[in-house]
Amino acid sequence: MTSTNTPTAGTDAPTLTSGSLLPTATRGKKPGRIGMIVCFALLAVCLVGFFTSPSGPVAGLWCIAMMIVLMFMSVPVAIALAIPSLVGAYGLAGIPATVNILGTAPFHAVSKWSFSVLPMFIFMGMLLANSGMAARIYRATDRWFSWLPGGIGIGTTAAGAGLASVSGSTIGMTYTLGRAGIPEMLRAGYDKRVAVGTVIVSGLPGGLIPPSILLVVYAGIASVPVGPQLMAGAVPGIGVALSFGLFILCLGLFAPKLVGRGKNATGEKTPTVTWKQRFESLGEIWGFPVIMLVLFGGMFSGAFTPTEAGAAAALTALLLTLLYTRKDKPFSHVAQAAISTVSATAAIFFIMIGAEMLTKLLAITGLAPVMTEFITGLGLSRVGFLLVLVVLYLFMGMFFDTLSMMLLTIPILLPTLSAMEVSPLWFGVFVVLLGELGMITPPVGILSYIVHNIAKNPEVNLGQTITLRDVFTSLLWFLPIAVLFLILMIAVPQMTEWLPDLLERTAGGTATQ
């Protein structure tokens with residue numbers, strides 16, 4: 001089955017703009033008039049509670065509540081983090097502390113050498129999107145997996161994992177595959193719930209598979225080496241993708257009608273893909289493995305540190321973009337990618353400055369050690385602690401994006417990890433996967449509504465009615481697979497550790513930079 005509805009460069013290609021990085025927590029519409037009145041009333045309550053607090057930790061809790069209210073008001077995350085932090089510093093330590101935070105937080109937040117890899121990864125993703133690589137990758141995976149039961153769905157899952165990892169935007173990738181993958185699966189006779197469910201979960205592994213921007217951000221917050229943290233996400237990310245692919249394969253074997261086995265939606269035989277077409281599709285995406293070879297080969301060989309490998313991969317992507325678009329204003333595509341990179345990098349850095357201010361607020365209020373003492377005082381085991389976090393993140397995912405959840409919780413939870421015998425490297429992979437999972441969990445998962453909105457387009461649904469109930473039903477089929485994988489991660493934490501250890505041994509110590 002060949003893809004006839006693949007996106008083109010510069011239109012539906014997955015992009016990573018400041019908007020796709022979710023600078024506002026909810027990415028939804030702002031609250032209505034009544035909602036805004038309620039939010040302002042809650043802000044007033046938070047301020048009164050803060051200034052009448054009997055102790056620093058209680059004042060810190062009121063500041064956290066203030067941040068959450070601001071995020072519900074669709075205030076940009078950076079501002080929602082910064083304003084309560086500054087109010088807290090002023091109320092507890094006066095003007096000198098506030099001036100000190102304003103003078104030091106911006107520099108300390110973004111001057112870490114490990115963050116220099118962020119614009120490189122973003123630029124690489126932008127270039128791949130503008131070069132039309134998205135369409136080529138989807139077409140190649142479609143052709144190579146089409147012979148399997150549920151092959152188009154498996155190919156969509158594989159393409160989603162690859163595209164989400166390099167684009168840095170699960171939402172942008174979901175939009176791309178929704179426009180391309182849903183009509184392809186419907187045309188092949190797939191059940192509409194399988195089609196939309198496959199697209200929704202296809203980007204889930206992308207937040208873990210290197211180069212993952214979310215893991216780089218976590219490494220900066222948690223002060224862990226970037227290289228090992230990136231490698232820690234590789235095996236779980238690939239494992240999640242394989243789990244979804246195996247589930248779709250099982251549907252093809254045991255419930256063939258759900259994946260249109262044998263006939264497409266018009267009752268015609270599914271076109272046969274020749275081996276010539278498969279190898280031709282590989283020729284169209286040869287640049288993608290070259291970039292991965294530069295990135296991972298450089299790190300494993302010790303030739304590059306992770307930051308240097310990111311720069312080398314970005315340079316490779318630049319040369320490939322000039323080659324792919326040589327007949328279509330190549331420098332225009334590069335310029336567009338560069339502008340988008342600056343915008344996206346600035347959005348991340350502003351958020352990191354807000355997170356740095358939150359960290360300083362926690363130090364001033366003394367909330368972090370109190371929270372650590374409270375959590376350890378509950379007597380939870382390591383498994384119990386992590387299961388509580390699963391419930392917490394799934395609930396928060398109804399309202400916030402992954403980055404917002406990470407920035408709100410990680411500074412508070414980090415001091416607790418050693419007491420719970422949880423590795424910071426493992427925990428980074430765990431919270432990113434939890435955050436991505438929270439974004440698709442009903443009833444308010446952001447990606448669920450995005451895919452439902454895409455499926456309303458007649459060119460996508462091919463005349464079939466795809467309701468929100470269909471979307472939620474599809475997730476009831478796919479979500480248990482992700483939850484089972486989370487449980488496997490808790491039971492076998494070694495899956496995140498052996499690849500970083502291997503990288504450290506082979507790279508001779510350069511992997512930590």
Side-chain angles (χ1 to χ4, degrees), residues 16 110-131 133 137 161-169 205-238 285-323 334 337-338 341-342 344-345 348-349 352 424-425 428-429 432 496-513:
L16 181 63
V110 301
S111 63
K112 297 176 182 177
W113 173 245
S114 59
F115 282 156
S116 62
V117 75
L118 273 175
M120 296 296 99
F121 282 167
I122 295 172
F123 189 45
M124 179 180 67
M126 294 290 186
L127 289 168
L128 289 177
N130 280 277
S131 67
M133 183 66 74
I137 290 177
L163 291 174
S165 66
V166 297
S167 73
S169 171
L208 303 178
I209 299 174
S212 168
I213 293 174
L214 289 173
L215 286 178
V216 174
V217 172
Y218 170 83
I221 299 173
S223 298
V224 297
V226 171
Q229 186 63 71
L230 286 173
M231 292 298 103
V235 173
I238 295 172
I285 64 168
W286 62 270
F288 184 72
V290 168
I291 292 174
M292 294 298 103
L293 179 63
V294 170
L295 183 64
F296 296 113
M299 285 192 289
F300 273 102
S301 66
F304 300 135
T305 66
T307 47
E308 293 168 345
L315 175 60
T316 306
L318 172 62
L319 297 176
L320 289 171
T321 299
L322 293 175
L323 176 64
V334 173
T341 299
V342 172
T345 304
I348 291 180
F349 280 0
M352 296 306 301
L425 284 179
V429 178
V432 168
T496 66
E497 298 171 357
W498 75 271
L499 191 57
D501 292 341
L502 177 63
L503 174 64
E504 186 173 0
R505 291 195 301 269
T506 57
T510 62
T512 60
Q513 299 178 21

Specify the closest pair of heavy atoms between [X] and [Y], including all atoms of both residues, with the distance to one decimal.
X      : Y      : answer
Thr496 : Pro236 : CG2-CG, 3.5 Å
Leu127 : Ala337 : CD2-CB, 3.8 Å
Pro228 : Pro500 : O-CG, 3.4 Å
Tyr218 : Pro424 : OH-O, 2.7 Å
Val429 : Leu208 : O-CD2, 3.6 Å

Any chance you could measure [X], atom [atom1], to [Y], atom [atom2], to the nearest 0.5 Å?
X      : Y      : atom1 : atom2 : value
Thr345 : Ile213 : OG1   : CD1   : 8.0 Å
Leu320 : Ile285 : CG    : CD1   : 12.0 Å
Leu318 : Met124 : CG    : CE    : 12.5 Å
Leu118 : Thr341 : CG    : OG1   : 11.5 Å
Trp286 : Ile291 : CH2   : CD1   : 9.0 Å

Ignoring hydrogens and angles, tell me if any N or O in the side chain of Ser212 forms a donor-acceptor pair with the backbone of Gly207 under 3.5 Å.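 Checked: pair present.
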Is the backbone of Ala219 close enough, under 3.5 Å, to the side chain of Gln229 for a donor and an acceptor to pair up by distance?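 Side chain of Gln229 to backbone of Ala219: no pair is present.
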Heavy atoms, side chains only, cut-off 4.5 Å: are Met352 and Ile221 in contact?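 Counting from C-beta outward, Met352 and Ile221 do come under 4.5 Å.
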Quick one: are Ile122 and Ile348 in side-chain contact, heavy atoms under 4.5 Å?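 Ile122 reaches Ile348 side chain to side chain.
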Qualifying residue, where the test is side-chain contact (heavy atoms from CB on, under 4.5 Å) with Val290 and the options are Leu295, Thr316, Leu319: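 Only match with Val290 under side-chain contact (heavy atoms from CB on, under 4.5 Å): Thr316.
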For Phe123 and Val342: C-alpha separation, side-chain torsions, deciding distance, then whether side chain to side chain contact (heavy atoms under 4.5 Å, CB included) applies. CA-CA 9 Å; Phe123 189 45; Val342 172; over 6 Å; no
Output all residues satisfying side-chain contact (heavy atoms from CB on, under 4.5 Å) with Ala312, sequence neighbours left out; order by chain, then residue number.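 Per chain and number, Ala312 pairs via side-chain contact (heavy atoms from CB on, under 4.5 Å) with Val294, Phe304.
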